[in-house]
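To start, the structure under review is shown below, and the notes come after it.
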Amino acid sequence: MAERERAYFDWNATAPLRQAARQALQDALAVPGNPSSVHAEGRTARRLVEEAREQVAALVGGRRADVIFTSSGTEANALALTPAIETEGEKRPRDRLFISAIEHSSVRAGGRFPREAIEDVPVDAEGRLNLPALALALTRASRPLVSVMFANNETGVIQPVAEAASLVHAAGGLLHVDAVQAAGRVPCDIGALGADLVTLSAHKIGGPKGVGALIRARDDIHFPDPLIRGGGQERGMRAGTENVAGIAAFGAAAAVARAQQADEAAAMLALRNRLEAGLKAITPQAVIFGEEAERLPNTTLFALPGMRAETAVIAFDLEGIAVSSGAACSSGKVQPSHVLAAMGVSPASTQAAVRVSLGWETTERDIERLLNAWRKLGTALSKGSQGVAA
Ligand code: PLP
């Protein structure tokens with residue numbers, strides 16, 4: 001009960017398990033078979049995996065046969081980013097990897113490309129990919145691979161993916177899109193995006209942590225150098241007995257996320273707009289990053305000059321409110337956000353950046369609680385004593 005009293009605003013770090021996913025997880029855990037076995041138990045497990053494959057493909061308008069299940073979004077990104085990626089028309093290695101300067105660390109790591117073959121493409125002050133800079137970069141490669149996220153995990157800013165796809169394809173390149181934060185929150189269609197590959201992660205859409213997928217736009221895209229070799233599962237592109245329960249729950253979450261995307265997005269947007277209006281009314285000097293750009297309906301990254309993000313995160317936590325001071329994987333170690341740095345934000349504002357991310361369980365009462373806590377914090381700051389709200 002005490003748990004329910006907390007208000008959770010860190011949905012971009014991870015979302016709670018959806019009820020349908022929990023049920024699918026439990027049901028699948030009761031199935032003893034290995035999906036590769038031919039007997040009835042094995043066939044039951046296989047059916048669960050293949051149903052989930054269909055559901056996950058449907059979330060991005062893809063085809064069942066083109067889904068490769070992985071252990072995470074991180075692994076899907078690592079699998080995608082290889083010079084060895086082959087298509088029917090092009091089997092020679094890719095010579096360069098271009099990534100937007102605001103990618104998640106799992107893309108920034110560059111997969112199996114050597115460091116010197118990886119190049120950042122800048123973003124503008126609102127955190128949107130600079131398309132002319134991408135066009136120019138593409139002239140420096142003969143067989144490029146490009147990775148552009150659909151929406152940024154810190155700012156929520158939606159990237160001009162379809163425009164990037166036209167440039168990349170005109171240059172003979174392939175486009176990988178990390179849609180981990182966007183899927184389920186905005187319409188996400190692999191064909192409309194023009195992506196060749198799309199990454200998803202189960203735990204951002206209400207599935208369990210530790211399951212992801214790389215979805216190909218066509219079955220002529222191959223990975224002759226899988227990260228994990230062995231039993232030939234996932235069409236030889238990702239060996240290892242499938243995480244049947246995790247995959248079944250991923251599929252269930254994807255089905256609900258797809259069915260409810262429009263309704264959930266509308267509800268989150270109304271709450272997010274109310275939150276931002278409240279923040280500005282309480283502290284007019286607060287800055288919302290990427291405010292002028294198209295953003296996910298659930299994300300606000302803001303800063304109050306003079307307030308350190310850690311102070312705010314701790315003060316909110318003591319009030320029963322979970323927010324984040326940036327990307328989950330970099331909070332804990334105090335590291336300046338590469339996203340805000342790429343947007344040209346000053347180090348002082350970067351250190352003040354607090355991320356509030358909403359989800360399908362967020363209520364008006366949660367928003368009111370957050371705004372009340374912010375009022376206390378803002379008042380404490382203006383009196384020159386940070387942390388009084390704690
Ligand atoms: N890509 C983006 C944009 C993310 O926000 C995350 C997780 O925070 C990932 C990839 C990694 O996904 P996973 O946690 O499944 O490894």
Side-chain angles (χ1 to χ4, degrees), residues 8-17 21 52 56 59-60 67-81 99-111 123 127-129 146-159 161 164 175-186 188 193 195 197-215 227-228 238 243 246-247 249-251 253-254 257 290 295-296 298-301 322-333 335 337-340 342 353 355-359:
Y8 183 70
F9 282 106
D10 203 8
W11 291 68
N12 287 11
T14 195
L17 209 54
V56 169
L59 182 59
V60 296
V67 174
I68 306 165
F69 284 119
T70 62
S71 69
S72 56
T74 296
E75 187 194 325
N77 284 342
L79 175 62
L81 304 183
I99 62 176
S100 85
I102 56 166
E103 293 298 313
H104 185 262
S105 51
S106 55
V107 167
R108 289 185 69 71
V123 296
R128 279 174 304 225
L129 180 72
V146 178
S147 186
V148 176
M149 67 201 325
F150 191 169
N152 183 260
N153 44 306
E154 295 185 32
T155 59
V157 170
I158 294 175
Q159 300 302 312
V161 173
L175 179 66
H176 165 253
V177 174
D178 177 343
V180 164
Q181 294 290 347
R185 295 182 178 147
V186 290
C188 184
L193 287 171
L197 294 158
V198 166
T199 289
L200 297 181
S201 172
H203 71 102
K204 311 284 184 179
I205 62 164
K209 298 165 188 65
V211 194
L214 183 65
I215 299 147
L227 289 169
I228 305 178
R238 204 283 182 178
N243 173 2
I247 288 171
F250 185 8
R295 281 179 294 154
L296 292 176
N298 79 316
T299 308
T300 298
L301 183 71
V323 302
S324 147
S325 62
C329 29
S330 56
S331 53
K333 6 171 196 150
Q335 248 184 8
S337 153
H338 69 280
V339 175
L340 292 177
R355 183 183 68 186
V356 174
S357 49
L358 287 60

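Counting convention: from 1, in listed order, for ligands and their atoms alike. Model, not experiment: these values are computed from the prediction. Basis for what follows: all heavy atoms, side chains included, without hydrogens, waters or symmetry-related copies.
- Between the side chain of Ser105 and the backbone N or O of Arg108 there is no donor-acceptor pair closer than 3.5 Å.
- Residue Met149 has at least one heavy-atom neighbour below 4.0 Å for each of these atoms of ligand 1: 3 (C).
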Please table the atom pairs, donor to acceptor, closer than 3.5 Å between any side-chain atom in residues 201-209 and protein atoms at least two apart or in another chain.
{"unit_1": "His203", "atom_1": "ND1", "unit_2": "Thr14", "atom_2": "OG1", "d": "2.7"}
{"unit_1": "Lys204", "atom_1": "NZ", "unit_2": "Asn12", "atom_2": "O", "d": "2.8"}
{"unit_1": "Lys204", "atom_1": "NZ", "unit_2": "Ala13", "atom_2": "O", "d": "2.9"}

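- When all heavy atoms of Val177 and Ala195 are compared, the pair lying nearest together is CG2-CB, 3.6 Å.
- Using a 4.0 Å cut-off to heavy atoms of Gln181, the atoms of ligand 1 that qualify are 3 (C), 4 (C), 5 (O).
- Near His203, meaning under 4.0 Å from one of its heavy atoms, ligand 1 places the atoms 13 (P), 14 (O), 15 (O).
- Ligand 1 places these atoms under 4.0 Å from at least one heavy atom of Ser72: 15 (O), 16 (O).
- Using a 4.0 Å cut-off between heavy atoms, Lys209 makes no contact with ligand 1 at all.
- Residue Ala151 has no nitrogen or oxygen atom sitting less than 3.5 Å from a nitrogen or oxygen atom of ligand 1, judged on distance alone.
- The side chain of Val180, and not its backbone, has at least one atom closer than 4.0 Å to an atom of ligand 1 (non-hydrogen atoms only; side chain from C-beta on).
- Distances between N or O atoms of Lys204 and those of ligand 1 include at least one value under 3.5 Å.
- Contacts with ligand 1 closer than 4.0 Å are made by no heavy atom of Glu75, backbone or side chain.
- Not one N or O on the side chain of Glu154 forms a donor-acceptor pair closer than 3.5 Å with the backbone of Arg355.
- In this structure, CD1 in Ile102 is found 7.5 Å from CG in Leu129, a value given to the nearest 0.5 Å.
- Listed by atom number, the atoms of ligand 1 under 4.0 Å from Asp178 heavy atoms are 1 (N), 2 (C), 3 (C), 10 (C).
- Gln159 places a side-chain N or O within donor-acceptor distance of the main-chain N or O of Gly127, the cut-off being under 3.5 Å.
- Heavy-atom contacts of Asn153 reach the following atoms of ligand 1: 3 (C), 5 (O) (cutoff under 4.0 Å).
- Of the options Leu296, Val186, Ile158, Asn152, a side-chain contact (heavy atoms from CB on, under 4.5 Å) to Gln181 is made by Leu296 and by none of the others.
- Checking only distances, Asn12 never comes within under 3.5 Å of ligand 1, N or O to N or O.
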Legend entry - Steps toward side-chain contact (heavy atoms from CB on, under 4.5 Å) verdict (Met149, Val107): CA-CA 9 Å; Met149 67 201 325; Val107 167; over 6 Å; no
